[in-house]
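Here's the structure we're looking at; comments come further down.
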Protein chains: 2
Amino acid sequence: MSREDLAPGPETATETTDADRFTNARAIRSTALFEDYTELIADLTEEFGEARITDIARRLGVTHPTANKAVLRLKREGLAISRPYRGVFLTEAGAAMAREVKARHRLVVRLLIAVGVPPEAAEMDAEGIEHYVSETTLKAFEAYLDGRG
Amino acid sequence: MSREDLAPGPETATETTDADRFTNARAIRSTALFEDYTELIADLTEEFGEARITDIARRLGVTHPTANKAVLRLKREGLAISRPYRGVFLTEAGAAMAREVKARHRLVVRLLIAVGVPPEAAEMDAEGIEHYVSETTLKAFEAYLDGRG
DNA sequence: ACAGAAATGTAGCCGATGCTATATTTCAAA
DNA sequence: TTTGAAATATAGCATCGGCTACATTTCTGT
């Protein structure tokens, strides 16, 4: 006996299922770390002219071996480049991701503040929320902030 | 030479640092899965009187060994109980988590829709966002939805 | 009652993401 | 210039969360 026989549930035909949503969330979870790293490397490069492993690690609150391993993955994915014992730099793809993430971050913070969230909490929560905001939702946020919401 | 010497940055004294935010986000990431499972087990129990591994797996879009392992972790954490080859049930702690998560989920979806996000996108994005919404932000959402925003 | 189907459990693999401990290299100051 | 400190790299460990393959148990229909 399958449960669908007993209770088809609200979803029919082409609707989005629970599984779709969870699968989507899992996919995002796996890219969130890359987004954090590219954004941070962009920040550090702007501030200091380069992003050093030690600084990356300190800003993220992890040990440097952890940061180093993550940078290896970034390089493998074509998002960053670096030479041994030297700073890390973003590729064009990495820089593009960083710009995109930063824009999303700012928009999420602005929206949270606009609906009454204290700035400190908005910054804190945005750090996690930003990764899950879709293009559609982003557009809606923009419209809302432009007073058309 | 440490970078703090060159650029103290905006944070001083008791302010929240980047590292604090990222550490917070990582902590949440590690509980997000438990929240998904407890919420789902609560739903299935209400619908069918029990939550079976196969149904949990299908709803989450994972294989049953994956669901089984997660349930083992839930049991280890005191959030669920089960006997071999039988359905899974929440402990009081698990049920409390489920109630809390469900309330948060509904509130996030309502807020997203209120600021103009299409319901379908709101449901999709809420699945990830809900885990990162703090108590403070939740209160702000409530106030906003009550027209006091 | 029993055979086959369905559900559940277990073993073992993999990659991601954290850690500590230990090289190695670079940098800075005497 | 050289030497000690700082930064970086690497090795090895653990857990999580996904998978496939296979064993076991329960359920169901004849």
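The figures here come from the full heavy-atom set of this structure, side chains too, leaving out hydrogens, waters and symmetry mates.
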Dot-bracket for DNA chain D, please, read 5' to 3', with Watson-Crick or G-U wobble pairs under 3.5 Å on both distances, ( ) within the strand, [ ] crossing, | other strand, . unpaired. ||||||||||||||||||||||||||||||

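Alongside A:Ile81, the hydrophobic cluster contains A:Phe89 (criterion: ILVMFWY side chains under 4.5 Å). Other members of the cluster containing B:Tyr85 do not exist, because no ILVMFWY side chain is joined to it at under 4.5 Å. With a 4.5 Å cut-off between side-chain heavy atoms of Ile, Leu, Val, Met, Phe, Trp and Tyr, the cluster of A:Leu72 takes in none.
Residue pairs that meet the salt bridge (Lys or Arg N to Asp or Glu O under 4.0 Å) test with at least one member in residues 98-118 of chain A, sequence neighbours left out, are A:Glu35-A:Arg104, A:Glu39-A:Lys102, A:Asp43-A:Lys102, A:Glu92-A:Arg99, A:Glu100-A:Arg104. Applying the ring pair (Phe, Tyr, Trp, His ring centres under 6.0 Å) test to every pair with at least one member in residues 108-140 of chain B, sequence neighbours left out, gives these pairs: A:Tyr132-B:Tyr132. Residue pairs meeting the salt bridge (Lys or Arg N to Asp or Glu O under 4.0 Å) criterion with at least one member in residues 65-82 of chain A: none, sequence neighbours excluded.
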Solution key, residues 115-123 of chain A side-chain donor-acceptor pairs under 3.5 Å, sequence neighbours excluded:
| residue | atom | partner | partner atom | Å |
| --- | --- | --- | --- | --- |
| A:Glu120 | OE2 | B:Thr16 | OG1 | 2.1 |
| A:Glu123 | OE1 | A:His105 | NE2 | 3.2 |

Contacts under 3.5 angstrom, residues 19-33 of chain A side chains, donor-acceptor by atom type, not counting sequence neighbours:
| residue | atom | partner | partner atom | Å |
| --- | --- | --- | --- | --- |
| A:Asp20 | OD2 | A:Thr17 | N | 3.1 |
| A:Asp20 | OD2 | A:Thr17 | OG1 | 3.2 |
| A:Arg21 | NH2 | A:Asp18 | OD1 | 2.7 |
| A:Thr23 | OG1 | A:Ala19 | O | 2.8 |
| A:Thr23 | OG1 | A:Arg26 | NH2 | 3.2 |
| A:Arg26 | NH1 | B:Leu60 | O | 3.0 |
| A:Arg26 | NH2 | B:Leu60 | O | 3.1 |
| A:Arg26 | NH2 | B:Gly61 | O | 3.1 |
| A:Ser30 | OG | A:Ala27 | O | 2.8 |
| A:Thr31 | OG1 | A:Ile28 | O | 3.0 |

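Remark: B:Arg86 is in phosphate contact with D:dC27, judged by side-chain N or O atoms under 4.0 Å from OP1 or OP2.
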Please produce a list of atom pairs where a protein N or O lies less than 3.5 Å from an N or O of nucleotides 3-5 of chain D.
none

Short N/O separations, protein against nucleotides 17-21 of chain D, under 3.5 angstrom:
| residue | atom | partner | partner atom | Å |
| --- | --- | --- | --- | --- |
| D:dG17 | OP2 | B:Arg73 | NE | 2.6 |
| D:dG17 | OP2 | B:Arg73 | NH2 | 2.8 |
| D:dG18 | O6 | B:Lys69 | NZ | 2.4 |
| D:dC19 | OP2 | B:Thr63 | N | 2.9 |
| D:dC19 | OP2 | B:Thr63 | OG1 | 2.8 |
| D:dC19 | OP2 | B:Thr66 | OG1 | 2.8 |

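With sequence neighbours left out, the side-chain contact (heavy atoms from CB on, under 4.5 Å) criterion links B:Thr63 to B:Pro65, B:Thr66.
Side chain of B:Thr38 to main chain of B:Phe34: a donor-acceptor pair is present (N/O by atom type, distance under 3.5 Å, no hydrogens or angles).
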